[in-house]
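Beneath this line is the structure, given in structure tokens, with notes to follow.
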Amino acid sequence: MFRGKKAKLGLSLLGAGVVLLVGCSEKGSSTNDGEGGAAIDTIDIMTMSYTPEPPQNDSPVIKELEELTGKKMNMLFVPSTTYGDRFNVTLASGNLPHVMLGDKSPSYISAVRDGAFWDLTDYLDEYENLKVNDIVKENVSIEGRIYGIPRARPLGRNAVVIRKDWLENLGLDMPETVDDFYEVLKAFTYDDPDGNGEDDTYGMAISEFEGPWDIMQTWFGAPNKWGFDEGGELIPDFTTDEYRDAIKWFNQIYEEGLINEDFAIMDPTQWTNPMVNEEVGLIVDVADTAGRVNKAMTDRDPELDDVLDVFGAVSGDHGLVTKPTTGYHSVFSVSKTSVKTEEELKEVLQFLNDLNSEEAQNLTINGIEGRHYEVEDGNLVSLVADDEKMRNEFQDLNQIQMYLPEEKFLKPEESELTKRSNEVMVQNEDIVLPDPAYPLVSKIYAQRGQQLDNIIGDARIQYIIGELDDAGFDEAIQTWMNSGGEDYVKEINELYKEAQSGTN
């Protein structure tokens, strides 16, 4: 997600070369005659781009989308590297496009509270292609209300990538419990899973990225960030017995050499290298890591094809659960300055609904059939793989796609591993553990969140590598409380109770 500093409109900002949006001031795109009930002819859409030359408004793909939706489109692409700053400048100008990509940055939340965007809570279920998963609804909400349509991402994406051939070599089954998982790590480290007679393998690779620890501790029954005590009060995960059980186990696998000793300083960009180099047997990450690792392995040695598998999680004493993703990557919000009436709002929502149709998804992701791709045996075959100019006619249009209520576009023929990864992501949706406090907007966390996170994050690493014992970790918790954490817990509980009661 993008993170932008709060904008301050002034000559110094404009002098730095930040260009305000072109086209947003031309509200001739509405035929409003002052009597209400006017149609919006052209919809301005501000989103990010990742390519140097995003599609122009005269792109044949955009023309097809206009024909499909019945609306002209004025695309306002902003490079992803500068999107946060441009977003803030646009907010400060008060001259907003009809539809605007945003996220839960402080400036976005402030704009919501100032009434810049329509409250969409009571509208989305009226549209077949704007229905949102209940967990994702909670995650995108601000103070219990929804102000943006999420760009959906797999909620159950977290998973384990494993060398299935090593399991077969050792006569082991796919792990189903935490105890099984431990035995696999141990066997991958000490039982010569590659059969070369050398002591040159270990169980699991981890980098300084904290994600694997966050995922695995839920297997032990630890909450996802926040849980409830016996009295129904929200408490941080690290104050629970289950969290302590998890980090004790983490320390055990570290002390026994079942993970890489340098995990706390390993560059995350190098994280998969040990698996590619046949040194490690599994990685806890996201399911689609399997495809990327498989490609790198087979590029290095074609005989390594079909040695990987994927599974979602293992069960502990509290059942089978895993940590979900947020389920989205930014949201599309509708401006109340550009879209003035409920009737106009419904026009815009119908347009966005139409953008999620199967035909529109194919256009935004793949382009035009016969021009940019063809279909063979039900699978997509690109016609423009080596033609950058033709790709530019539709590339980056995926940045207006929401994939709701699901992905419907054609894809190239998928490998068995990719199919398996996709299956796991869907299956995981039944076992994900939501963070009940994620939708809450904390002022204290906005001010002190990084400091508070560092206190516990550092303490967890120190505990895993044996530099802290239980007493030392308790001291870290007390430091967290004394550094604003106690007030943070109090505030979160107040916000949660307000959200549950429907008050703001």
Side-chain angles (χ1 to χ4, degrees), residues 2 19-24 26 28-29 40-83 86-87 90 97-101 129-130 149-153 329-332 347-348 350-404 406-414 418:
F2 53 84
V19 181
L20 292 176
L21 292 171
V22 176
C24 287
E26 297 177 2
S29 57
I40 297 177
D41 296 325
T42 302
I43 295 182
D44 301 326
I45 307 170
M46 176 175 161
T47 189
M48 61 178 63
S49 62
Y50 287 90
T51 61
E53 297 183 29
Q56 300 298 303
N57 287 328
D58 60 357
S59 159
V61 180
I62 290 180
K63 295 303 180 185
E64 289 281 339
L65 286 168
E66 291 175 340
E67 181 71 22
L68 177 66
T69 62
K71 298 290 183 184
K72 289 188 64 66
M73 297 166 57
N74 181 29
M75 294 303 308
L76 307 164
F77 285 108
V78 179
S80 60
T81 54
T82 60
Y83 191 88
R86 181 73 71 85
F87 177 85
T90 305
H98 298 97
V99 178
M100 188 176 187
L101 190 68
N129 294 331
L130 297 182
I149 302 169
R151 299 195 301 171
R153 298 293 184 269
H329 176 42
S330 59
V331 299
F332 279 116
E347 284 189 59
V348 173
Q350 184 61 53
F351 166 78
L352 294 172
N353 180 80
D354 294 341
L355 276 183
N356 281 289
S357 68
E358 181 176 351
E359 186 176 352
Q361 285 199 21
N362 270 313
L363 284 166
T364 56
I365 306 304
N366 300 318
I368 300 170
E369 184 175 2
R371 180 181 178 90
H372 301 107
Y373 72 92
E374 58 187 15
V375 181
E376 294 182 2
D377 299 325
N379 297 308
L380 177 138
V381 178
S382 175
L383 299 176
V384 296
D386 300 318
D387 191 333
E388 184 176 0
K389 183 178 180 180
M390 290 289 284
R391 290 200 309 272
N392 286 342
E393 292 182 348
F394 66 94
Q395 282 194 135
D396 276 335
L397 285 176
N398 62 345
Q399 296 305 312
I400 63 171
Q401 187 51 252
M402 293 147 278
Y403 309 108
L404 293 174
E406 61 189 0
E407 293 181 353
K408 304 171 187 174
F409 58 92
L410 285 165
K411 299 177 182 179
E413 185 175 6
E414 295 178 334
T418 298

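Heavy-atom basis, side chains included; hydrogens, waters and symmetry copies ignored. Residues: numbered from 1 along the sequence shown.
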Nearest heavy-atom neighbours spanning [X] and [Y]:
X: Ser357; Y: Leu68; value: OG-CD2, 3.9 Å
X: Pro55; Y: Phe77; value: O-CE1, 3.5 Å
X: Met75; Y: Asn57; value: N-OD1, 2.9 Å
X: Gln399; Y: Phe332; value: O-CZ, 3.2 Å
X: Asn362; Y: Lys408; value: ND2-O, 4.4 Å
X: Asn356; Y: Tyr403; value: OD1-N, 3.1 Å

Inset, instruction - Give a yes-or-no answer on whether the side chains of Gln395 and Thr51 include a donor-acceptor pair shorter than 3.5 Å. - result: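 Per modelled atom types, Gln395 and Thr51 side chains form no pair under 3.5 Å.
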
Inset, instruction - Would you tell me whether Asp354 and Asn129 have side-chain atoms, one donor and one acceptor, within less than 3.5 Å of each other? - result: no

Legend entry - Main-chain N/O of Val384 paired with Tyr373 side-chain donor or acceptor, under 3.5 Å: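 Not a single qualifying donor-acceptor pair exists.
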
Legend entry - Check: Arg151 side chain, Gln401 main-chain N or O, donor-acceptor pair, under 3.5 Å: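 No, the answer is negative, given that no donor and acceptor are paired below the 3.5 Å cut-off.
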
Legend entry - Pairing of Arg371 and Glu393 as salt bridge, 4.0 angstrom limit: yes

Return yes when atom [atom1] of [X] has more than 12 non-hydrogen atoms of other residues, nucleotides or ligands closer than 6.0 Å, and no otherwise.
X: Glu374; atom1: CD; answer: yes
X: Glu359; atom1: CD; answer: no
X: Glu414; atom1: CD; answer: yes

Below 4.5 Å, heavy atoms only, C-beta onward: do [X] and [Y] meet side chain to side chain?
X: Thr364; Y: Phe394; value: no
X: Leu352; Y: Ile149; value: yes
X: Asn392; Y: Glu53; value: yes
X: Phe351; Y: His98; value: no
X: Val99; Y: Asp44; value: no
X: Asn379; Y: Pro412; value: no

Inset, instruction - Test side chain to side chain contact (heavy atoms under 4.5 Å, CB included) on Val78 and Met46 and set out the steps. - result: CA-CA 7 Å; Val78 179; Met46 176 175 161; 4.2 Å; yes

Inset, instruction - Report the C-alpha distance between Ile62 and Leu397 in whole Å, list the side-chain angles of each, state the deciding distance to 0.1 Å, and finish with yes or no for side chain to side chain contact (heavy atoms under 4.5 Å, CB included). - result: CA-CA 9 Å; Ile62 290 180; Leu397 285 176; 4.1 Å; yes

